[in-house]
Amino acid sequence: MDLTFNETETEFRDELRGWLADNAPGDPPDRGDEDERYAFLRDWQRKLAEGGWASVHWPVEYGGRGATLTQSAIFFEELGRAGAPLPANVLGLLLAGPTIMIWGTDEQKERYLQPILTADEIWCQGFSEPEAGSDLASLKTRAVKDGDHWVVNGQKVWTSGAQYSKWCMLVARTDTEVPKHKGLTYFLMDMEDPGVEVAPLRQITGEPEFNELFLNDVRIPDANVLGGVGNGWKVALTTLMNERAGLAFFLQVRLRQLLDRLFEEAGRRGLLDDPVVADKFGELHLKAEILRLTAYRGLTAIEKYGVPGPEGSLTKWMWSETNQQLTQFAADLLGPEAIASGDRWAYELLRARGNSIEGGTTEILKNIVAERVLGLPKAR
Ligand SMILES: Cc1cc2nc3c(=O)[nH]c(=O)nc-3n(C[C@H](O)[C@H](O)[C@H](O)COP(=O)(O)OP(=O)(O)OC[C@H]3O[C@@H](n4cnc5c(N)ncnc54)[C@H](O)[C@@H]3O)c2cc1C
């Protein structure tokens with residue numbers, strides 16, 4: 001792919017840079033008070049929405065800018081470069097919105113898209129279950145038809161942001177008589193239904209970023225089925241493909257920022273003359289650059305074939321591995337003081353543990369790369 005931007009792309013970047021310079025959100029509140037942090041990110045999204053920047057890749061008719069893939073990549077790169085955080089409703093903007101645009105009826109698009117953009121309605125993703133993560137299609141949460149409603153019972157787990165969400169992208173089993181991939185249906189579930197119980201799970205970082213969801217006789221109207229009964233697997237794949245494609249650029253820029261920050265910190269402490277330290281920085285710099293170029297290569301695949309290719313799995317795998325190496329290196333380099341409770345590097349080190357699990361584990365990504373990129377025999 002040609003890595004130089006054309007005139008329209010340069011104009012887009014400059015306009016965004018100018019806007020970000022005038023509207024920088026500042027640093028989010030420190031970790032610890034999640035509600036305050038969430039309110040900050042919600043306000044940040046509202047500001048983005050007012051400026052027309054909340055979701056550049058959405059079509060103009062739905063409030064986006066109809067940005068090309070390269071412009072979307074520029075958006076995430078510039079957001080990262082400005083040190084701005086992702087907005088509060090990131091799952092709505094990147095996952096729910098695009099899935100509803102592809103599979104939703106006109107009524108569903110009319111009802112759900114606008115409040116996603118303005119962060120008036122936050123979304124979470126209810127896919128994983130205690131016994132269904134990597135093998136998502138084996139999920140057991142059951143939806144049974146009752147008149148013009150579905151009655152849902154079961155349990156979801158690791159549901160990020162459920163405590164702030166109005167809606168949930170829920171995949172449930174509606175038919176037990178057919179092969180497992182065929183018996184699923186995708187629902188838009190109202191989190192305010194009295195049958196939905198949200199129980200926070202505290203992570204190693206100390207934050208309850210994700211939750212358990214207990215679903216007891218939750219009633220979902222027919223009108224909230226997305227993409228047709230029994231078609232849930234295909235609809236869920238749309239969500240999952242958008243997850244990996246959308247975040248790749250933001251993550252690689254964030255990694256670069258973290259590396260630059262550590263480099264500055266090491267310089268301040270006079271550690272860069274140590275050849276072992278310099279060597280490690282060289283290695284991490286190389287990996288960050290490979291990641292950036294691989295993310296662009298993934299973009300070329302989408303431009304050519306219309307959907308993200310399996311190469312996206314390579315980016316996610318490389319990013320999680322490099323981010324874990326980087327944060328561990330920071331702890332080794334800066335010593336106990338850096339990993340003392342409350343320090344930013346301590347948070348980064350601990351949070352990075354989940355990188356090789358969330359959004360597809362490294363083992364699963366390796367299987368995908370082996371089978372679909374390298375053409376090796378299928379794992380059983
Ligand atoms: C920070 C974070 C946020 C998350 N947010 C959400 C969310 O918002 N919504 C949501 O639905 N889920 C969320 N998840 C869940 C995540 O998608 C799952 O944890 C992930 O898919 C793995 O599933 P599992 O935890 O059930 O592990 P399992 O699938 O049980 O895997 C256990 C281990 O076995 C390995 N393994 C499994 N199958 C294979 C195989 N075929 N070949 C080789 N190795 C294999 C795995 O790699 C792993 O090491 C989140 C997870 C994290 C860490």
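Atoms within each ligand, like the ligands themselves, are counted from 1 in listed order. Note that this is a predicted model, so its numbers are computed, not measured.
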Between [X] and [Y], is any side-chain donor less than 3.5 angstrom from a side-chain acceptor?
X      : Y      : answer
Glu129 : Thr141 : yes
Asn355 : Gln324 : no
Asn367 : Glu363 : no
Ser55  : Tyr62  : no

Test of understanding: given a 4.0 Å heavy-atom threshold, classify the contact between [X] and ligand 1 as side chain, backbone, both, or neither.
X      : value
Arg351 : side chain
Asn367 : side chain
Thr361 : side chain

For [X] and ligand 1, does the shortest N/O to N/O distance drop below 3.5 Å?
X      : answer
Ser134 : yes
Gln125 : yes
Thr159 : no
Glu363 : yes
Gly126 : no

Below 4.0 angstrom from a heavy atom of Phe127, which ligand 1 atoms are there? Numbered from 1 as shown, please.
->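 Result: 11 (O).
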
Can you list the ligand 1 atoms lying under 4.0 Å from a non-hydrogen atom of Ile364?
->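 What qualifies from ligand 1 is 38 (N), 39 (C), 40 (C), 41 (N).
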
Salt bridge between Arg261 and Glu265, side-chain N to carboxylate O under 4.0 Å?
->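 No, no charged N to carboxylate O under 4.0 Å.
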
Candidates Asn224, Asp222, Thr185 - the one meeting side-chain hydrogen bond (donor to acceptor under 3.5 Å, both in side chains) with Trp150 =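 Only one option passes, and that is Asp222.
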
Nearest option to atom 19 (O) of ligand 1, as decided by whichever heavy atom of Ile204, Ile357, Leu213 sits closest |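 Closest candidate by heavy-atom distance is Ile357.
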
Using a 4.5 Å cut-off on heavy atoms from C-beta on, say whether the side chain of Thr174 contacts that of Phe187.
->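 Side chain of Phe187 against side chain of Thr174, heavy atoms only: contact under 4.5 Å found.
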
